[in-house]
4 protein chains.
Amino acid sequence: MTVRMICDAANISSGTFYHYFENKTDLIIELFSLIDDYFEENVLERLSDEDELVNVIRFCSGFSEFVMQTGVAKSKLINSMFPVYSKGGHHEERGRILYRELNAIISRGQEKGQIITEYAAEQLVDMILVMVRGYCFDWARREGSYDLVKYTEEMIALFVRGLRPCSAYDLKMQKD
Amino acid sequence: MTVRMICDAANISSGTFYHYFENKTDLIIELFSLIDDYFEENVLERLSDEDELVNVIRFCSGFSEFVMQTGVAKSKLINSMFPVYSKGGHHEERGRILYRELNAIISRGQEKGQIITEYAAEQLVDMILVMVRGYCFDWARREGSYDLVKYTEEMIALFVRGLRPCSAYDLKMQKD
Amino acid sequence: MTVRMICDAANISSGTFYHYFENKTDLIIELFSLIDDYFEENVLERLSDEDELVNVIRFCSGFSEFVMQTGVAKSKLINSMFPVYSKGGHHEERGRILYRELNAIISRGQEKGQIITEYAAEQLVDMILVMVRGYCFDWARREGSYDLVKYTEEMIALFVRGLRPCSAYDLKMQKD
Amino acid sequence: MTVRMICDAANISSGTFYHYFENKTDLIIELFSLIDDYFEENVLERLSDEDELVNVIRFCSGFSEFVMQTGVAKSKLINSMFPVYSKGGHHEERGRILYRELNAIISRGQEKGQIITEYAAEQLVDMILVMVRGYCFDWARREGSYDLVKYTEEMIALFVRGLRPCSAYDLKMQKD
DNA sequence: GATGAATGAGTGTTCATTCAT
DNA sequence: CATGAATGAACACTCATTCAT
């Protein structure tokens, strides 16, 4: 994805591009912040299920929904640049909005006894984000040839099963 | 990773590089095939546990082991080029060796009743490969700043829990 | 010095700039004419010493005074564009005001016997202007790090010594 | 003077340019060092006159000779970039060769009583270099339309007259 | 008059690739 | 077989200039 390609796609001149963005990296940072907006406007409200593992799945769906809407081209652009540390980690800070939200879900889940406590919430958050981003990366690489949301949901649904603590009975049964 | 950087690292001239590889992509295809060699020499023998889910974990460990040994630089190179479709999907064919092996493990697991059958083996293989590659991608992006094998194992171990079928008792207990 | 920088400094839009100047070169031509105004208002009156070599020094001081007041930024702008031949040498015509004034001083000096006649007045004018402009150029290059007027005066004072004809006595002495 | 122009003039591709120079500035630094070579090979041997003021003139002639040989295009290139401070002032260090040589001449002249001592040698060196460079700059600006060596010599010859100390008699005569 | 978004040719620089030696 | 000088299209980015509002 060159600046020229972006400009051609947007039907603007490269001069105009640089009128709005200081450099190519700036565009990507801008793109990053869009996901926060998307979450605030569309996803956050869906994350209030009693079962926090359901919320985890919805969170991941929201993420992949956004990526699909954003499209293959922009996703590749983001992939090519990630991680971006410029501007004092500004986007990272913003990125933390996503991070904090997922962390909150998992922490609540652990408090409620819905999620295993073998791993710290931070560790689980990292895992899930890597997995979800991994799927997004694959999807863009394959030119968006499959339904990202569906596949992400299936994968996360399975992963989430492993996060559910076994009941005392359950453990007993397994031993037998 | 420019061709010149690769050549400098290998102490050869760029002329020599093009004597052995038709182009840069060819090198990457070559790199791809290395993982098959690695699996054949080091990993395949470890995949004979009675519990096929253990084999899944070992398979993934083998993959990330290889990536760690390969190093950040080469990993980035591969990431930057993947997927490579040239030469009639030649490398993809080779890639199938990996694919087939994991498929075999999961199919056996399903036959033995160790792995759920809600999803076809192919689907599970795809999921796992995407997840593992996702971690490799993240690791390279972060300049190899963590122990890829350890993190991959933890993630896969959790995922694999979700693949274990619940016993009839188990389901009954959960209902109660 | 870009047009945008000039406009920012002047608190106008670049549109406004092009409302008043046909192009960037035009601004510089305008800048050139400022020196004539400066000479007419501030320097000419000082050029009436009986000793024309004193007037030469005052002329050069006036020139460097103007450059210092104009500032490093504008000086660089002028240097970067000089000589400007557009508009039928319009600015050169104006430049001639300066030229003619110095020429007049030197011609008078030669008539009065205060200045050697080995070189035509035109030649001496050219030399002095090149020297003074050379100092201005150096000063701007070095970001205005020294007192341009002082250094120019010292240099010209020395040069002017060489323009004073030796008396008959003087020559005689030197021979002895 | 763009890199492309330089390459066209030299009948090489811009890729080749960057094979030999790390960047445009490097070429200019290279150009700078050429003057030292020129002085060492052609000028230094001429600087052994008994009269140090003669040596000053020869020094300046050597400088302008070099510039004329270098040509208008390269001179403009150098002018456009001077002063260059990169690479730890490497070229400045080299530049000092020139500086030191002229300084030595003038210091000797002052010791021998051939040059006035009102100004420190360093000051006179600075003046002369600014003047000579000023002429070179003017010459390049005017597309090399005159004989730089001749004009520089005339100018310096006059300036040098002012550096000759007046005898006691001389001063007395002037008062009368 | 004044604005500033838009333009696009041009700049320094990179890099996969070629080829004479 | 090996070299590395040479290539030139492509890149991110700049900037004088235009023009609809």
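Just the heavy atoms: all of them, side chains too, but no hydrogens, waters or symmetry mates, feed the values below. Every chain is numbered from 1 and lettered A, B, ... according to where its sequence line falls, protein lines coming before strand lines.
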Please produce a list of atom pairs where a protein N or O lies less than 3.5 Å from an N or O of nucleotides 9-12 of chain F.
{"unit_1": "dA10(F)", "atom_1": "N6", "unit_2": "Arg4(D)", "atom_2": "NH2", "d": "3.3"}
{"unit_1": "dA12(F)", "atom_1": "OP1", "unit_2": "Lys24(A)", "atom_2": "NZ", "d": "2.8"}
{"unit_1": "dA12(F)", "atom_1": "OP2", "unit_2": "Val3(A)", "atom_2": "N", "d": "2.8"}

Rounded to whole angstroms, how far apart are [atom1] on [X] and [atom2] on [N]?
X	N	atom1	atom2	value
Ile28(C)	dA16(F)	CD1	C1'	12 Å
Phe17(C)	dC15(F)	CZ	P	14 Å
His19(D)	dG4(F)	NE2	C1'	6 Å

Could you tell me the separation between the [atom1] atom of [X] and the [atom2] atom of [Y], rounded to the nearest 0.5 Å?
X	Y	atom1	atom2	answer
Ser13(C)	Asp8(C)	OG	CG	10.0 Å
Leu77(B)	Leu27(B)	CG	CG	6.0 Å
Ile35(D)	Leu98(D)	CD1	CG	5.0 Å
Leu148(D)	Tyr135(D)	CG	OH	9.0 Å
Asn42(A)	Asp37(A)	CG	CG	10.0 Å

Scan Phe21(A) against the nucleic acid and name what it touches under 4.0 Å (heavy atoms): base, sugar-phosphate only, or nothing.
->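 Nothing, no nucleic acid heavy atom in range.
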side-chain contact (heavy atoms from CB on, under 4.5 Å) between Asp138(C) and Phe137(D), intermediate numbers included = CA-CA 10 Å; Asp138(C) 182 82; Phe137(D) 183 54; over 6 Å; no
Grab the two heavy atoms, one from Arg141(B) and one from Arg133(A), that are nearest each other, plus how far apart they are.
-> NH2-CD, 3.9 Å
Identify the residue among Asn23(D), Val3(D), Asp26(D) that makes a side chain to side chain contact (heavy atoms under 4.5 Å, CB included) with Phe17(D).
->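 Filter result, single survivor: Val3(D).
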So, is Thr16(B) near the phosphate of dA2(F), with a side-chain N or O under 4.0 Å from OP1 or OP2?
->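 Checking Thr16(B) against dA2(F): no side-chain N or O falls below 4.0 Å of OP1 or OP2.
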Where does DNA chain E pair, written as one dot-bracket string 5' to 3', with Watson-Crick or G-U pairs under 3.5 Å, ( ) inside the strand, [ ] for crossing pairs and | for another strand?
-> .||||||||||||||||||||
List for me each residue that meets side-chain contact (heavy atoms from CB on, under 4.5 Å) alongside Arg4(D), sequence neighbours excluded, and say none if there are none.
-> Thr2(D)
Reading DNA chain E 5' to 3', which nucleotide is the first, and which the last, to come under 4.0 Å of any heavy atom in chain C?
-> dG1(E) to dA6(E)
Side chains of residues 62-73 of chain B: which donor-acceptor partners sit under 3.5 Å, not counting sequence neighbours?
{"unit_1": "Ser64(B)", "atom_1": "OG", "unit_2": "Cys60(B)", "atom_2": "O", "d": "3.2"}
{"unit_1": "Ser64(B)", "atom_1": "OG", "unit_2": "Ser61(B)", "atom_2": "O", "d": "3.1"}
{"unit_1": "Glu65(B)", "atom_1": "OE1", "unit_2": "Tyr38(B)", "atom_2": "OH", "d": "2.8"}
{"unit_1": "Glu65(B)", "atom_1": "OE1", "unit_2": "Arg46(B)", "atom_2": "NH2", "d": "2.8"}
{"unit_1": "Glu65(B)", "atom_1": "OE2", "unit_2": "Arg46(B)", "atom_2": "NH1", "d": "3.0"}
{"unit_1": "Gln69(B)", "atom_1": "NE2", "unit_2": "Tyr38(B)", "atom_2": "OH", "d": "3.3"}
{"unit_1": "Thr70(B)", "atom_1": "OG1", "unit_2": "Phe66(B)", "atom_2": "O", "d": "2.7"}

Mind checking ring pair (Phe, Tyr, Trp, His ring centres under 6.0 Å) for Tyr20(A) and listing every partner two or more places apart, or none if nothing turns up?
-> none
